[in-house]
Each structure stands twice: as C-alpha cells, then as structure tokens.
Amino acid sequence: MSKGEVVLLDCWASPFCLRAKIALAEKGVEYEARAENLFWADFIDKKVFDAVCNTWKSKGEVPETAKNEFIEILKQLEGALGEKDFFGGDSFGFVDVIAIPLTCWFYAVEKFGGFNVENDCPKFSAWMNKCMQRETVARILPDPEKVTNLLSR
C-alpha cells in the first residue's frame, strides 16, 4: 500500500464502519473496504475495557469477583492467541492494535487488585512484551505509572 491509500476494515452491517464510510465519502476520500471479522475487537472493547474499569473503580479493596473476571477474560484472549506471536499470526495486525492500548492500564489494575498479569496469564504477558518491542507501540503508549496516577485521583 502506498502512502495516501486508505484501507477500511469493514463489516458490512457495523454502524461504526458505516459511519467511517459516510465520513470518507463526505470528504471525497477513496478507500479499499477490507472485510474483517470484528468479533475479537468487539470482545476487547466490551469485555476487557469493562473488566479494567470494574477493577480500578472499586472502592477500597477490589472485589475478588472483579479480579477473577479480569483474569478469565485475559485467559480467553490467551486461548485465541494460542502459540502465535500476535493475534493475526506472525504479524502485528488489527486485533493487536485494538488490544494493546488497554494494556497501559493493566499496571493500575494489578496495583489496585493485588495480582500480577504475568503470573496469571503468561502468554498474554509475553504478547504484551512483544508488542512493546515495536517502536510504534512503545513510542505511543503512555507510561503505565502515569496512567495509574491518573486513575488514583
């Protein structure tokens, strides 16, 4: 793909994809629509995000149920990851881009919840480390300690 080309990851019935199509059409931007199974993206946006929020929003001690829910969701993602380096296989792709930004909140979740993602979900932790080796990811994600400080307010 040359610079300036736009690829829209598409699911024909998704209102979010339809929004993007309308916005691109309004701007006169040509794009290639590429069908994508958005199931894992939806799972991450709903389940992982909600589990993170449930953990750090807890008042006082984090309930055991919130910790267990968070760990079980990560274990489901570990199952989807399998023995691959990335969710798409050998290359960093769509699901990786969707999931990795939430991981900068995990330090806060660990601190508030009194557990360690690496201990409970070693494959997922290895995936996070592999993603963080990418210059594009490491340069963009905020420092997890700063995120924790923000969430502690």
Side-chain angles (χ1 to χ4, degrees), residues 1 6-21 23-24 33-153:
M1 181 167 78
V6 176
V7 175
L8 175 66
L9 300 179
D10 189 21
C11 178
W12 67 271
S14 167
F16 307 106
C17 294
L18 296 173
R19 287 179 189 164
K21 288 178 181 180
L24 291 170
R34 186 175 303 155
E36 183 74 40
N37 179 348
L38 302 177
F39 170 72
W40 283 114
D42 187 57
F43 179 87
I44 291 164
D45 283 346
K46 290 179 181 165
K47 296 287 189 178
V48 177
F49 183 78
D50 287 350
V52 166
C53 290
N54 289 340
T55 303
W56 70 262
K57 284 183 177 179
S58 297
K59 301 289 184 205
E61 190 174 318
V62 174
E64 198 68 24
T65 55
K67 289 191 283 191
N68 291 339
E69 176 189 19
F70 180 75
I71 291 166
E72 284 307 310
I73 288 168
L74 294 187
K75 287 187 180 295
Q76 288 179 15
L77 288 171
E78 277 189 323
L81 191 58
E83 299 302 319
K84 303 174 290 204
D85 287 339
F86 300 104
F87 284 97
D90 294 332
S91 61
F92 187 77
F94 174 66
V95 175
D96 304 296
V97 170
I98 296 298
I100 197 63
L102 289 173
T103 64
C104 65
W105 292 32
F106 286 13
Y107 179 73
V109 172
E110 290 174 326
K111 182 177 177 182
F112 300 148
F115 64 96
N116 184 282
V117 171
E118 186 174 11
N119 292 343
D120 293 305
C121 303
K123 285 183 186 178
F124 193 84
S125 183
W127 167 82
M128 290 189 321
N129 291 333
K130 183 159 270 310
C131 289
M132 288 305 294
Q133 292 172 5
R134 301 182 64 79
E135 188 270 331
T136 53
V137 174
R139 178 172 39 93
I140 293 172
L141 289 189
D143 181 331
E145 288 188 26
K146 286 184 178 179
V147 174
T148 302
N149 291 337
L150 175 70
L151 297 177
S152 297
R153 293 181 185 172

Exam field: side chain S125 to backbone C121, donor-acceptor pair closer than 3.5 Å: no
Gap separating the CZ atom of F16 from the SG atom of C11, nearest 0.5 angstrom: 11.0 Å
Note, I44 side chain near L77 side chain (heavy atom, < 4.5 Å): yes
Non-hydrogen atoms of E83 and K123 that approach each other most closely: OE2-NZ, 3.0 Å
side-chain hydrogen bond (donor to acceptor under 3.5 Å, both in side chains) partners of Q133, counting only residues at least two apart: none
Heavy-atom pair with the smallest gap, counting every atom of I73 and A51: CD1-CB, 3.7 Å
K84 NZ: over 12 foreign heavy atoms closer than 6.0 Å: yes
Any side-chain heavy-atom pair of F106 and T55 under 4.5 Å: no
A20 versus L8, closest heavy-atom pair with distance: CB-CD1, 3.7 Å
Closest contact, heavy atoms only, F86 versus K130: CZ-CG, 3.6 Å
Interatomic distance, W40 atom CH2 to D45 atom CG [nearest 0.5 angstrom]: 13.0 Å
Expected output: side-chain K67 to main-chain G113 donor-acceptor under 3.5 Å: yes
Derivation of the side-chain contact (heavy atoms from CB on, under 4.5 Å) call for D143 and Y107: CA-CA 10 Å; D143 181 331; Y107 179 73; over 6 Å; no
Q76 side, atom CD; E72 side, atom CD - distance, nearest 0.5 Å: 7.5 Å
Pairwise side-chain contact, K146 with C104, heavy-atom cut-off 4.5 Å (strictly under): no
Backbone of F39 reached by a side-chain donor or acceptor of D42 within 3.5 Å: no
Separation between NZ of K47 and CG of L74, rounded to the nearest 0.5 Å: 13.0 Å
Rounded distance [0.5 Å steps], CZ in R134 versus CD1 in I100: 10.5 Å
Residue K75 excluded, over 12 heavy atoms near NZ under 6.0 Å: yes
Which atom of L102 lies closest to which atom of F49, heavy atoms considered: CD2-CD1, 3.6 Å
side-chain hydrogen bond (donor to acceptor under 3.5 Å, both in side chains) partners for K21, two or more places apart: D10
Shortest non-hydrogen separation from F70 to V117 and the atoms involved: CE2-CG2, 3.9 Å
Exceeds 12 heavy-atom contacts within 6.0 angstrom, atom CG of D90: no
Check: D85 and F92 side chains under 4.5 Å, non-hydrogen atoms: no
Straight-line distance of E110 CD to E118 CD, nearest 0.5 Å: 8.5 Å
Centroid-centroid under 6.0 Å between F87 and W127 rings: yes
Validation row: L141, V137 side chains within 4.5 angstrom (heavy atoms): yes
